[in-house]
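Read the numbers this way: they start at 1 and go in the same order the structure lists the ligands and their atoms.
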Amino acid sequence: MEASSLPLSEFPNLSVDPARLPRHVAIVMDGNGRWARVRGLNRCEGHRRGKDSVRAVVETARQLGIPYLTLFAFSNENWQRPKTEVRFLMQLFHRYLITESKRLMKRDIRVVAIGEMSRLPAAVRRVLSDTIRLTAGNRTMTVVLALSYGGRQDVVEAARRIAEAVAAGRIKPEQVDERMLQRELLTWNIPDPDLLIRTSGELRLSNFLLFQLAYTELYFTETLWPDFRERDLLRALCAYQGRTRRFGMVDDGASISLSAANQA
Ligand code: IPE
Ligand code: IPE
Ligand code: MG
């Protein structure tokens with residue numbers, strides 16, 4: 001049986017309350033290089049293996065009924081890696097999109113992308129836009145691929161568009177508010193993440209969704225991304241469900257409970 005098709009009943013100790021699921025889970029999929037290194041393999045083998053984790057996590061999130069899943073696959077800064085690694089990753093994205101499109105359709109999963117798409121090789125751009133178009137009508141879950149994405153660049157681009165609107169007289173400076181900035185971000189039509197998972201033991205954001213993570217619950221695990229499977233996602237969700245989200249308020253019962261926050 002392939003890892004991605006394990007029924008969730010295989011994990012009775014990790015029961016997740018379906019009424020309090022996060023609406024949006026975002027993942028920094030880190031640790032592929034280290035996974036390969038400890039096995040004496042090339043870093044790229046870690047990336048290749050990481051693709052299986054992507055499939056397992058997408059399937060599990062879909063089975064659970066999580067509406068939005070964002071996967072940080074390639075950062076703006078990752079362009080500075082060795083050319084051979086960048087080329088390998090681009091080929092991997094290309095292959096992933098081609099091989100997964102049937103499965104995504106079958107599962108009613110919509111794919112969208114955030115990032116500087118113009119920097120991607122033409123072949124990747126082409127299959128990416130084909131996949132986005134093909135899956136646009138799917139409704140059960142949205143998978144957001146963060147490719148060539150940078151949180152600071154996202155905010156800078158949004159600020160520039162607002163500045164242009166002010167300069168052109170379309171809006172007044174005093175009209176600029178959080179909502180306006182939010183609407184100019186690449187994630188304008190996606191709710192803020194409720195849960196951020198980062199694998200591989202690194203305790204940082206690495207320029208991911210900086211504005212959007214303001215009140216997100218953070219979950220860090222030592223597990224390296226190629227080892228991260230159903231069980232690990234369930235563990236993260238259990239940890240999330242054990243938290244109280246206050247959003248700056250007081251915990252007197254009047255503050256927003258997890259389920260209420262998800263419906264907001
Ligand atoms: C994450 O794994 C994949 C990408 C950033 C594309 P890494 O390649 O960063 O693996 P480590 O952190 O070097 O182990
Ligand atoms: C963040 O991981 C980017 C992705 C997982 C795609 P990095 O490995 O690039 O981050 P740093 O360099 O450890 O901060
Ligand atoms: Mg890394």
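- Atom CZ of Arg231 sits in a sparse spot, with 12 or fewer heavy atoms from other residues, nucleotides or ligands closer than 6.0 Å.
- In this structure, the protein non-hydrogen atom closest to atom 6 (C) of ligand 1 is Ala73 O, 3.3 Å.
- By the 4.0 Å heavy-atom criterion, Gly31 is counted among the residues contacting ligand 1.
- Taking every heavy atom of Phe74 and a limit of under 4.0 angstrom, the matching atoms of ligand 2 come to 6 (C).
- Residue contacts with ligand 1 include His47, since one of its heavy atoms falls under 4.0 Å from the ligand.
- Comment: Arg20 engages Asp17 in a salt bridge, judged by a side-chain N to carboxylate O separation of less than 4.0 angstrom.
- For Asp30, the N/O/S atom at the shortest distance from the Mg ion (ligand 3) is named OD1.
- Arg204 NH2, 2.8 Å is the protein heavy atom nearest to atom 13 (O) of ligand 2.
- Of the charged side-chain nitrogens involved, at least one lies within less than 4.0 Å of a carboxylate oxygen, so that Glu157 and Arg160 count as a salt-bridged pair.
- In terms of protein heavy-atom proximity, atom 5 (C) of ligand 2 is nearest to Met29 O, 3.4 Å.
- The Asn32 neighbourhood of ligand 1 comprises atoms 1 (C), 2 (O), 3 (C), 7 (P), 10 (O), 14 (O), with distances under 4.0 Å to a heavy atom of that residue.
- Summary of contacts: the protein heavy atom closest to atom 10 (O) of ligand 1 is Gly33 N, 2.9 Å.
- The aromatic rings of Tyr149 and Phe72 stand perpendicular to each other, their planes meeting at an angle above 60°, with 30° marking the opposite boundary.
- Here the protein heavy atom with the shortest distance to atom 11 (P) of ligand 2 is Ser206 OG, 3.6 Å.
- Among the atoms of Glu202, no N, O or S atom falls under 2.8 Å of the Mg ion (ligand 3).
- Proximity of Phe208 to ligand 2, defined as any heavy-atom pair under 4.0 Å, is not found for any part of the residue.
- Ligand-side atoms of ligand 1 in range of Arg43: 7 (P), 8 (O), 10 (O), 13 (O), range being under 4.0 angstrom from any heavy atom.
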Could you go through the salt bridge (Lys or Arg N to Asp or Glu O under 4.0 Å) check for Glu164 and Arg170 one step at a time? CA-CA 9 Å; Glu164 281 165 3; Arg170 291 196 298 276; 5.8 Å; no
Apply salt bridge (Lys or Arg N to Asp or Glu O under 4.0 Å) to residues Lys172 and Glu174 and explain how you reach the verdict. CA-CA 5 Å; Lys172 296 195 178 75; Glu174 55 271 27; 5.6 Å; no
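- Summary of contacts: the protein heavy atom closest to atom 2 (O) of ligand 2 is Arg198 NH2, 3.6 Å.
- The closest protein non-hydrogen atom to atom 9 (O) of ligand 2 is Asn78 ND2, 2.9 Å.
- Here Asp108 does not pair with Arg139 in a salt bridge; the nearest charged N to carboxylate O distance is not below 4.0 Å.
- Remark: minimum distance from atom 4 (C) of ligand 1 to any protein heavy atom is reached at Arg81 NH1, 4.0 Å.
- Taking both residues in full, the closest heavy atoms of Pro226 and Gly46 are given as CG-O, 3.6 Å, listed atom of the first, atom of the second, then distance.
- Interface of Val28 with ligand 2, defined as ligand atoms under 4.0 Å from a residue heavy atom, comprises 1 (C), 5 (C).
- Stacking of Arg81 on the aromatic ring of Trp79 is not recorded, the 6.0 Å distance cut-off and the 45° axial limit not both being met.
- In this structure, Arg235 pairs ionically with Asp232, as a charged nitrogen and a carboxylate oxygen lie closer than 4.0 Å.
- Arg34 has a carboxylate O that lies under 4.0 Å from a charged side-chain N of Glu202, or vice versa, which qualifies the two as a salt bridge.
- At a heavy-atom distance under 4.0 Å, no atom of Glu202 approaches ligand 1.
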